[in-house]
Amino acid sequence: MTAFVIVGAGLHGSALARELALRGARVTIVERGVPGAEASTAAAGMLVPAVESWIHHAANLPRDIGGRSLALYPEWVDAIGRESGLPVALHLEGAVVARGDTGPDPAAALSAEQLSDLEPGVRYAGGAWLSTGEGWLDPRELVPAVTVSARAAGATFRSGEVTAVREGAVELRSSDGVDVLEGTVIACAGAWTARVPGLAALPVKPIRGQVLALRPTGAAPKRVVFGARCYLVPREDGRVIVGSTMEDVGFTRGVTVDAIEGLHDAAASVFPALADAARLEAWSGFRPGSPDGLPLMGRWRGVWVSSGHHRNGVLLAPWSAQAMASAILDDHALPAGLSPARFDALG
Ligand SMILES: Cc1cc2nc3c(=O)[nH]c(=O)nc-3n(C[C@H](O)[C@H](O)[C@H](O)COP(=O)(O)OP(=O)(O)OC[C@H]3O[C@@H](n4cnc5c(N)ncnc54)[C@H](O)[C@@H]3O)c2cc1C
C-alpha cells in the first residue's frame, strides 16, 4: 500500500487525508500546532462562488471549481457528520448583495421592497441582488468534524514541525526528537507553504484577514449579506460575523483597533441596527494567497502541493480533496490553470 505524508492539518490537509484514507491509502498527517486552528477556523465560512466571482471579477476557472465544490457540499458534510459524530449545519438560503449594483443576472435583481421582504434590516443602496443556492456554515463546526473523520478513516496525526522535505520523505521535529517519515509528500501548509524547506520557490504568501463577531441587540441578518465595505455572516446562536480585511503584513498576528472599528462601522452602514451591537470577539487569520488568486494544486518538483486557496478555501475544500485524491491515486488530470508550475518562471 502506498504511504503518504501530508504537511499541515488545516482543512485542506485533513480533508485530503480523509479522502485518501477512505480510498485505502496509508496516510500520516503532520501538524505543528492544533489541527485546524489557523486559517481554517478563522474563516467566516461563506460558500458564495457566484458572489465572489462577481465582486472580485474572477474569470471562469474559479467560478467553475467553486460551483462544483458547492454542489458537493451537502453530501460531503452529511458524510463527515456521520463519520465523526459531529453534525455540521449547512445554510444555503442564498446570499444578498446590497452594494448598489444589480449583479450579473437581471432576474436576480431585488427592488427595495423585495430586499426589505427578504432582509428587513438591510439598507437599500440603490441596487441589490440575491444569489440563490449559496450560503454559509460555521468553520468551528466543520473543521473539527473533518479532523475527526480523517482519523476515523484511518489517517494518523503526528504532532511536530516538518523541517525538511524531499521526494519520498519529510523530516519531523517534535518534543520527542527528529524523525524521518517516508512516503509520497503532499504539502498542505496553507500560508506557510513557501516556508516549508524545499518549497520556498512557490509564491504562496499570507494575506491577513481580521474578523469581528457582534451580538445584535435586535434583528440580525438571516443570510450572508455583502455590503460595500464588508460582509455579514449569521450564526445559529445569533452572533453576526463581520469580515474582513485583506492585509499584506507578513505573518504579523493580531487585530488592530482601526480595522475592528472600520468593520463595525461598515456593518452598521449596510445593516443599521448593528451600530448598537456588542463586540464579542475579534480575531485574525492568514489566507494562503497566490499571485493570481487561484490555488496551487498538482505535482511539483517531486512533491504534491495543495495550497493557495486564498479567500475561498472553505468553499473549495470538498472539490479540492476529491480532485487531489483522484490525481494522486488514479492519475486524473487537475485543471492545468492550477498547476504550481505555472509560477516557475517567476522564481
Ligand atoms: C479572516 C478569514 C476569512 C475567511 N473567510 C472565508 C470564507 O468565508 N469562505 C471561504 O471559503 N474561505 C474563507 N477563508 C479562506 C480559508 O480560510 C482558507 O483558504 C483555508 O482555510 C486554507 O486552508 P489550509 O488548510 O490550506 O490552511 P490552514 O488552515 O492555515 O492550515 C495550514 C496548516 O499547516 C500547518 N503547517 C504549516 N507549516 C507547517 C510545518 N512546517 N510543519 C507542520 N505543520 C505546518 C499550520 O500550522 C496550519 O495548521 C478565510 C480566511 C480568513 C483568514
Side-chain angles (χ1 to χ4, degrees), residues 1-40 80 83 143-144 146-202 204 288 295-309 313 316-318 320-332 334 338-341:
M1 197 196 304
T2 322
F4 295 94
V5 184
I6 296 181
V7 185
L11 179 55
H12 282 274
S14 292
L16 180 53
R18 167 187 175 270
E19 197 65 43
L20 290 169
L22 285 176
R23 297 186 193 193
R26 189 149 53 83
V27 185
T28 303
I29 178 165
V30 182
E31 171 57 51
R32 64 177 173 204
V34 175
E38 294 287 357
S40 299
I80 283 163
E83 293 158 15
V143 175
V146 173
T147 310
V148 172
S149 61
R151 273 203 182 96
T156 303
F157 282 67
R158 292 282 304 265
S159 198
E161 171 137 18
V162 170
T163 46
V165 166
R166 61 179 154 81
E167 185 164 359
V170 305
E171 180 186 87
L172 161 68
R173 273 175 201 267
S174 69
S175 48
D176 298 334
V178 179
D179 208 352
V180 172
L181 305 180
E182 293 193 344
T184 300
V185 178
I186 311 171
C188 295
W192 294 268
T193 301
R195 290 229 170 155
V196 175
L199 306 184
L202 290 173
V204 178
L296 287 77
M297 292 170 58
R299 196 158 167 84
W300 184 82
R301 300 185 189 174
V303 301
W304 287 90
V305 177
S306 182
S307 179
H309 293 82
L316 292 172
S320 278
Q322 292 179 15
M324 283 293 297
S326 299
I328 293 168
L329 296 177
D330 304 326
D331 215 17
H332 284 188
L334 288 159
L338 302 183
S339 166

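Throughout, numbering of the chain's residues begins at 1 and tracks the sequence. None of these values were measured; they are calculated from a predicted model.
- Of all heavy-atom pairs spanning T28 and R158, the tightest one is CG2-CG, 3.5 Å.
- For the pair R151 and F157, the cation-pi criterion (under 6.0 Å, within 45° of the ring axis) is fulfilled.
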Given V204 and L296, is the side chain to side chain contact (heavy atoms under 4.5 Å, CB included) satisfied, shown in steps? CA-CA 9 Å; V204 178; L296 287 77; 4.0 Å; yes

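- Atoms CZ and CE, on R299 and M324 in that order, are 10.0 Å from each other to the nearest 0.5 Å.
- With a 4.5 Å cut-off on side-chain heavy atoms, C188 and L16 count as touching.
- Here the side chain of S14 pairs no donor or acceptor atom with the backbone of T147 at under 3.5 angstrom.
- Side-chain contact between E161 and W192 is absent, with no heavy atoms from C-beta onward closer than 4.5 Å.
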Residue pair E167, V303: steps toward the side chain to side chain contact (heavy atoms under 4.5 Å, CB included) verdict: CA-CA 6 Å; E167 185 164 359; V303 301; 5.7 Å; no

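- Two residues are said to be in side-chain contact when any heavy atoms from C-beta on lie closer than 4.5 Å; S307 and H12 fail this criterion.
- For the side-chain contact (heavy atoms from CB on, under 4.5 Å) with L181, the lone residue among T156, V30, V162 that qualifies is V30.
- Considering every non-hydrogen atom in both V165 and P197, the closest pair reads CB-O, 3.6 Å.
- Residues A187 and L199 come closest through the heavy atom pair CB-CD1, 3.5 Å.
- Formation of a donor-acceptor pair under 3.5 Å by the S320 side chain with backbone atoms of A317 is not found in this model.
- When each of V27, T2, I6 is paired with T184, the side-chain contact (heavy atoms from CB on, under 4.5 Å) condition holds for T2 and for no other.
- Using a 4.5 Å heavy-atom cutoff, the side chains of S326 and R23 are in contact.
- I186 has its side chain within reach of I328: a pair of non-hydrogen atoms, C-beta onward, lies under 4.5 Å apart.
- Between the OG1 atom of T163 and the CZ atom of R173 there is a distance of 4.5 Å, given to the nearest 0.5 Å.
- The neighbour count for D331 CG, taken as heavy atoms of other residues, nucleotides or ligands under 6.0 Å away, does not exceed 12.
- Of all the heavy atoms in E31 and G10, the pair that sits closest is OE1-N, 4.2 Å.
- With a 4.5 Å cut-off on side-chain heavy atoms, W304 and M297 do not count as touching.
- When every heavy atom of R18 is checked against every heavy atom of I80, the shortest pair comes out as NE-CG1, 3.7 Å.
- Using a 4.5 Å cut-off on side-chain heavy atoms (C-beta onward), L20 and L329 make contact.
- D179 is not listed as a side-chain neighbour of S174, based on a closest heavy-atom distance of 4.5 Å or more.
- L11 and G313 get closest at one heavy-atom pair: CD2-O, 4.1 Å.
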